[in-house]
Amino acid sequence: MRRKQVAFSQPERKLDMSDLQTLRHTAAHVLAQAVKRLYPEAKLAIGPSIADGFYYDFEVAEPFVPEDLTKIENEMRRIIKKNLPIERFMLSEAEAKEKVKDEPYKLELIEGLEEEPSFYQQGEFIDLCAGPHMEHTGKVKAFKLLSTAGAYWRGDERNKMLSRIYGTAFFTKDELEEHINRLEEAKKRDHRRLGREMGLFALLEEGPGFPFFLPNGMVLKNTLIDYWRMLHKREGYVEISTPTMLNQSLWERSGHWGHFSENMYGSEIDEVKFQIKPMNCPGGMLIYDLDLHSYRDFPLRMAELGHVHRHEKSGAMHGLMRVRCFTQDDAHIFMTPDQIKSEVFNVINLVEEVYTAFGFKFTLELSTRPENSMGSDEQWNQATEALRQALDEKGMPYRVNEGDGAFYGPKIDFHLEDSIGRTWQCGTIQLDMQLPERFDLTYVGADGAKHRPVMIHRVVLGSIERFMGILIEHFAGWFPVWLAPVQAIVIPISEKHHEAAKAVFKQLEESGIRTTIDLRAEKMGYKIREAQGKRIPYMLVLGDKEVEENTVSVRTREDGQAVDKGAKSVSEVVAELLELSKI
């Protein structure tokens, strides 16, 4: 059998993110080798590196369970200890198929390859793989298997369910330990659990991917929306609303049907096909086109809190982070070409203000033309260069993400960092010269002739629902007072203090503070613990002394710690809460 074999022999060098991905890819192969040793009948699927680690999918008679991971980890350590060299070789398609004839998923992958298949070998283990990998298995020193899950082959629900093992790997044990600690902290902050405890939202099997918002959740959501509206009014945006369902021909005209149809829900009305909108852009185009526009109208900033629907696969959904319906805080800004830079500056400043208000740091990423896109090279080059110049003149560092732009234009993405170091992509600025052309949008220039406007699509929060999930985990449910669904709870020690507690409750409520009262015949300690579990920032306790002195005993939380602030008059507490309620 013909074999081109290439062994790694590279000098030691400073490691970067690509090296970490290579290490994790190598760890995935070590995992697969261990599984094949322990479960020889297992069939191999794929095993890539991912953002925080790696996984490998297997077809096995019985799905893996968490208890299997320790046994697999021990076998991985034996493989690692042997420092097995990792060697690459190439085969023809026919030879490759013969090599993996007992691996149906590898055979299917070979069918889809355009180039000659490559393999990697470590000891007795051989896998179809494009690489790259580390020089030998001994490089995988700090690793851990994390969890098991089911995963459809190639993410398609029509295919067989495989058994997936997730893991992670780092170059040092300290880095691994830091990551594991962060994962443990993330579990404590899981927005799905806190959402239940705080009465924010429910995820019910009657509507998978369609969250139900409870009273406290609606307070949180509306507070975010009120903040959003205040900022957009200040910045000169006008708010619009477009229909949830529109004629399919509109989506064909916009280009979304050709790029997004598999993620859209549809229906038929009067023998005409309609689609529920997965984004707001085409509706915004129609509103613009209702009137004649002059260059004097620009920049025209139209904002929309659009309720959109997207068909997400069941395995991809996750609490509020990945849902099938959500509210997008969209805006479409129409402008002349010479206004691009200033409008990009304005959006960056707005996003920076919002993220700073919530205590987020963020980084910027410029994403360029993808393979499946609309428009000419000239238009794309012009749009990309406009965004690049704006970022350069703004003086903010950014990285270039080649080929990850929207299908209609390049974009700037904002990746925010939460309190435990995780990053989330939320805000985006997308420069579009395609939709104005497809909808034949025009404006009258200073020369009296018709011209084509340039358009920016932008979101700040991204999805209101997803942003809520991020905030819950960022603050571990302990929202700042202005954002908290319930800002204060009044807790009388016994029934004889109820009337005084009701008077305090009324005074706070009439002052505009979101307040509740606990009049149950429960012990004080239980009431306090329950209020803490609901993450209520201010607890106001009344006993004999407080009633006699017309005060309340104030308990709050600062820097993650419970704080007893002593006795205060109700007017003092009201003034303090009103000050903290300012955004």
Side-chain angles (χ1 to χ4, degrees), residues 1-13 15-37 39-51 53-59 75-76 79-80 82-140 143 151 153-156 159-160 162 164-169 171 370-371 402-404:
M1 183 178 290
R2 177 176 59 85
R3 175 185 287 195
K4 302 174 192 173
Q5 186 160 305
V6 182
F8 283 96
S9 58
Q10 54 193 27
E12 293 293 325
R13 66 190 187 283
L15 300 165
D16 58 21
M17 189 60 197
S18 63
D19 292 293
L20 187 56
Q21 292 169 345
T22 301
L23 175 77
R24 288 169 174 171
H25 195 177
T26 304
H29 274 222
V30 174
L31 164 61
Q33 184 176 9
V35 167
K36 288 294 279 187
R37 285 184 176 183
Y39 309 90
E41 300 304 313
K43 301 301 180 186
L44 301 173
I46 58 171
S49 64
I50 54 177
F54 60 90
Y55 68 79
Y56 210 110
D57 289 343
F58 306 89
E59 181 188 327
E75 188 61 38
M76 289 176 69
I79 294 167
I80 291 164
K82 288 185 177 294
N83 293 332
L84 298 174
I86 302 174
E87 300 175 329
R88 181 174 185 255
F89 62 90
M90 311 289 292
L91 295 176
S92 69
E93 182 177 338
E95 291 169 332
K97 288 181 176 179
E98 176 63 24
K99 174 67 71 177
V100 298
K101 62 184 179 183
D102 297 325
E103 297 286 354
Y105 301 103
K106 299 299 181 181
L107 283 170
E108 186 176 327
L109 291 171
I110 289 172
E111 292 286 351
L113 292 178
E114 296 181 358
E115 66 280 346
E116 197 174 41
S118 71
F119 290 79
Y120 282 81
Q121 180 167 3
Q122 55 199 50
E124 82 289 355
F125 179 74
I126 296 174
D127 200 358
L128 174 75
C129 183
H133 288 278
M134 307 301 286
E135 304 94 315
H136 55 80
T137 59
K139 291 285 187 178
V140 186
F143 78 96
W153 169 237
R154 292 190 156 175
D156 191 330
N159 290 335
K160 189 175 182 66
L162 304 177
R164 176 173 293 180
I165 296 177
Y166 284 102
T168 192
F171 285 106
E371 288 185 14
E402 297 288 353
D404 201 40

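All values derive from a computational prediction rather than experimental measurement. The first residue of the sequence shown is numbered 1, and numbering continues consecutively from there.
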Kindly assign one of parallel, tilted or perpendicular to the pair His29 and Tyr120, based on the angle between their ring planes and the thresholds 30° and 60°.
perpendicular

Closest non-hydrogen atom pair between His25 and Ser49, with its separation
N-CB, 4.0 Å

How long is the straight-line distance from NE2 of His136 back to CD1 of Ile80, given to the nearest 0.5 Å?
11.5 Å

Taking the side chain as every heavy atom from C-beta outward, state whether Leu128 and Glu103 have any pair of such atoms under 4.5 Å apart.
no

CD on Gln122 to OG1 on Thr26, rounded to 0.5 Å:
7.5 Å

Under a 4.5 Å cut-off applied to non-hydrogen side-chain atoms, are Tyr56 and Ile165 in contact?
no

Should Phe171 and Leu20 count as side-chain neighbours, where that means a heavy-atom distance under 4.5 Å?
yes

Side chain Gln121, main chain Gly123, donor-acceptor under 3.5 Å:
yes

Any side-chain heavy-atom pair of Lys106 and Leu44 under 4.5 Å:
yes

Got a salt bridge between Glu124 and Lys36, using NZ or NE/NH1/NH2 to carboxylate O under 4.0 Å?
no

Under 3.5 Å, is there a donor-acceptor pair between the side chain of Lys43 and the main chain of Asp102?
yes

Side chains of Glu75 and Gln33: do they bring a donor and an acceptor to under 3.5 Å?
no

Nearest heavy-atom approach of Pro48 to Ile46 is CD-C, 3.9 Å

Interatomic distance, Glu116 atom CD to Leu91 atom CG [nearest 0.5 angstrom]
7.5 Å

Lys99 and Glu95 ion-paired at < 4.0 Å
no

In Å, rounded to the nearest 0.5 Å, how long is the span from CD of Glu87 to CD1 of Ile126?
10.0 Å

If you take all heavy atoms of Ala27 and Ala169, which pair is closest and at what distance?
CB-CB, 4.1 Å

Just how far is it from atom CG of Leu23 to atom NZ of Lys139, taken to the nearest 0.5 Å?
9.5 Å

Roughly how far, to the nearest 0.5 Å, is the OH atom of Tyr166 from the CG atom of Leu31?
12.5 Å

Is there a side-chain contact between Val100 and Leu109 (heavy atoms, below 4.5 Å)?
no

Using atom types as modelled and distance alone, determine if a side-chain donor or acceptor of Ser118 lies under 3.5 Å from a backbone N or O of Cys129.
yes

Side chain to side chain, Leu162 and Tyr105, heavy atoms closer than 4.5 Å:
yes

For residues Ala34 and Ile79, report the shortest heavy-atom separation together with the two atoms involved.
N-CD1, 3.6 Å

Test: Arg164 cationic atom under 6.0 Å from Tyr55 six-membered ring centre, within 45° of axis:
yes

Could you tell me whether the side chain of Thr22 and the main chain of Pro132 form a donor-acceptor pair under 3.5 Å?
no

Any residue meeting side-chain hydrogen bond (donor to acceptor under 3.5 Å, both in side chains) with Thr168, in chain and number order, not counting sequence neighbours
none

